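Here the structure comes first, spelled out in structure tokens, and everything after it is commentary.
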Amino acid sequence: MPELPEVQTIVNELAENLPGSTISSCRILRESIVQGDQTRFRRIVKNKLIQKIERRGKYIIFSLSSDFWIVVHLRMTGKFVLQPNSRQPQKHDRVVFYLSNHQKLIYSDVRCFGTFDLTDDLQECRGLNQLGPDPWSEEVTAARLKKELTNRKIPIKTALLDQKIIAGLGNIYASEILFDAGVNPIIAANSLSERKLSVIIRSMRKILNLALQYNGTSISDYRRVDDKQGTFQNFLKVYGKADQKCLNCSSQIVKITQNQRSTFLCPTCQK
DNA sequence: AGCGGAACCTGTCGGC
DNA sequence: TGCCGACAGGTTCCGC
């Protein structure tokens, strides 16, 4: 569900509300989500102060007192909700943190793909420690990308989804970025010129900045912490638009499958 | 090493 | 109405 703009929106809202609160206790309603020893997780988290909340790629990192971190990945359908303690439990509540200020922070997840990792060493946290640079990092340059994609015959769309190359892009924004850049998603990553790669980088930053401005894309599940929707879905140009007309050239938008996932493109604008 | 496909789990929607 | 397959914003694992 959530890609970088959605995760960042959630992090902004959590960061506004949570720091300074203490976790009084924690209930785990679906064990598979919390990695490792559940009892240890509950014991360590208890009475810890929430100091800071940050994003890295699509991960949410909660800094707790005593140098512990909770690293959360929302996967497809995870979300956070902040509610008064009195709110009735809902069907898809999976992890609940009861806070010192009479609120509870609920992790809700229909499909239960999401993960919680508790660690005292962020470098050791698998997944997190393999991430490539954030899209705005100065490490992301056409020259570096060109070098990194040598010997990679995978389609450029698939390369954009690889979190080791750039961290944070997902299925919606990969399609939107390549449309904006005028690049066909099936082109082999290693066949793109440095010049084309710099166009893709520019489109990536433009689209992500815009999506951040609109608090992300709410198509089905994604909601903000306050349950409001993002609004970038109103600005999508190809994702989910199969059989509609391209806004630039009126050709039919086409849906194809790459690596078991949908890709949308305009065959005329994206050569 | 790099790549494609299956698996993880639940819900919704469209077709017959 | 009911059943069945396809599909959904992501990642990891396994075999070639």
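Proteins come first, then strands; the chains are lettered A, B, ... in the order of their sequence lines, and each starts at number 1. Side chains are part of it too, since the values below use all heavy atoms of this structure and drop only hydrogens, waters and symmetry mates. What you see is a predicted model, and the numbers here were worked out from it, not measured in a lab.
Of the C1' atoms belonging to dC8(B) and dC3(C), the separation is 24 Å, rounded to the nearest Å. dA6(B) and dG5(C) have their P atoms separated by 16 Å, with the value rounded to a whole Å. Atom P of dT11(C) sits at a distance of 24 Å from the matching atom of dT12(B), rounded to the whole Å.
Gln35(A) places its CD atom 12 Å from the C1' atom of dT11(C), with the value rounded to the nearest Å. In this structure, Ile186(A) atom CD1 and dC3(B) atom P are separated by 16 Å, rounded to whole Å. Here the C1' atom of nucleotide dG14(B) and the CG atom of Asp243(A) are 15 Å apart, to the nearest Å. We find that NZ of Lys79(A) is positioned 13 Å from P of dG11(B), with the value rounded to whole Å. Nucleotide dA7(B) holds its P atom 17 Å from the CG atom of Asn259(A), rounded to whole Å. Counting to the nearest Å, the P atom of dT11(C) and the CG atom of Leu4(A) are 11 Å from each other. Between Asn171(A) atom CG and dA8(C) atom C1' the separation is 10 Å, expressed in whole Å. Rounded to whole angstrom, the span from the CZ atom of Arg94(A) across to the P atom of dC9(B) amounts to 11 Å.
Distances from the side chain of Gln260(A) to the nucleotides dG5(B), dG11(B), dG4(B) place dG5(B) closest. Of the candidates dG11(B), dC9(B), dC13(C), dC9(B) carries the atom nearest the Arg111(A) side chain, counting heavy atoms from C-beta on.
Backbone-only engagement by Gly127(A) is indicated by non-hydrogen atom pairs under 4.0 Å involving sugar-phosphate atoms exclusively. Across all strands shown, Asp109(A) has no heavy atoms under 4.0 Å from either base or sugar-phosphate atoms. Across all strands shown, Thr257(A) has no heavy atoms under 4.0 Å from either base or sugar-phosphate atoms. Contacts of Ile154(A) with the nucleic acid, taken as non-hydrogen atoms under 4.0 Å apart, involve only primed sugar atoms and P, OP1 or OP2.
The side chain of Gln163(A) contributes an N or O atom lying less than 4.0 Å from OP1 or OP2 of dT11(C). For the pair His73(A) and dT11(C), the criterion of a side-chain N or O lying under 4.0 Å from OP1 or OP2 is met. OP1 or OP2 of dC3(B) has at least one side-chain nitrogen or oxygen of Arg152(A) nearer than 4.0 Å. Taking only side-chain nitrogens and oxygens, Lys153(A) never comes nearer than 4.0 Å to OP1 or OP2 of dA1(B). For dT11(C), one of the phosphate oxygens OP1 or OP2 lies less than 4.0 angstrom from a side-chain nitrogen or oxygen of Lys58(A). For the OP1/OP2 pair of dA6(C) and a distance below 4.0 Å, the side-chain nitrogens and oxygens of Lys255(A) include no atom meeting the criterion. Listed pair Arg261(A) / dC7(C) fails the phosphate criterion, with no side-chain N or O lying under 4.0 Å from OP1 or OP2. Side-chain nitrogen and oxygen atoms of Ser262(A) include at least one within less than 4.0 Å of the OP1 or OP2 phosphate oxygen of dA8(C).
Checking Lys104(A), Arg87(A), Lys79(A) one by one against Asp93(A), the salt bridge (Lys or Arg N to Asp or Glu O under 4.0 Å) holds for a single residue, Arg87(A). A side chain to side chain donor-acceptor pair (under 3.5 Å) with Lys157(A) is found for exactly one of Asn171(A), Asn259(A), Asn184(A), namely Asn171(A).
Residues Leu4(A) and Pro135(A) share a closest heavy-atom pair of CD1-CD, 3.7 Å.
No side-chain donor-acceptor contact under 3.5 Å links Glu124(A) and Thr119(A). Checking Tyr222(A) against Gln233(A) by side-chain atom types alone, no donor-acceptor pair falls below 3.5 Å. A side-chain donor from one of Gln8(A) and Asn12(A) sits under 3.5 Å from a side-chain acceptor of the other.
Listed by chain and residue number, Thr77(A), His92(A) satisfy the side-chain contact (heavy atoms from CB on, under 4.5 Å) test with Val110(A) (two or more places apart in sequence, or in another chain).
Using a 5.5 Å limit on the distance between ring centres and a 30° limit on the angle between planes, the aromatic ring of Phe113(A) counts as stacked on the six-membered base ring of dC8(B).
With a cut-off of 3.5 Å on both pairing distances, the Watson-Crick or G-U wobble partner of dG14(B) is dC4(C).
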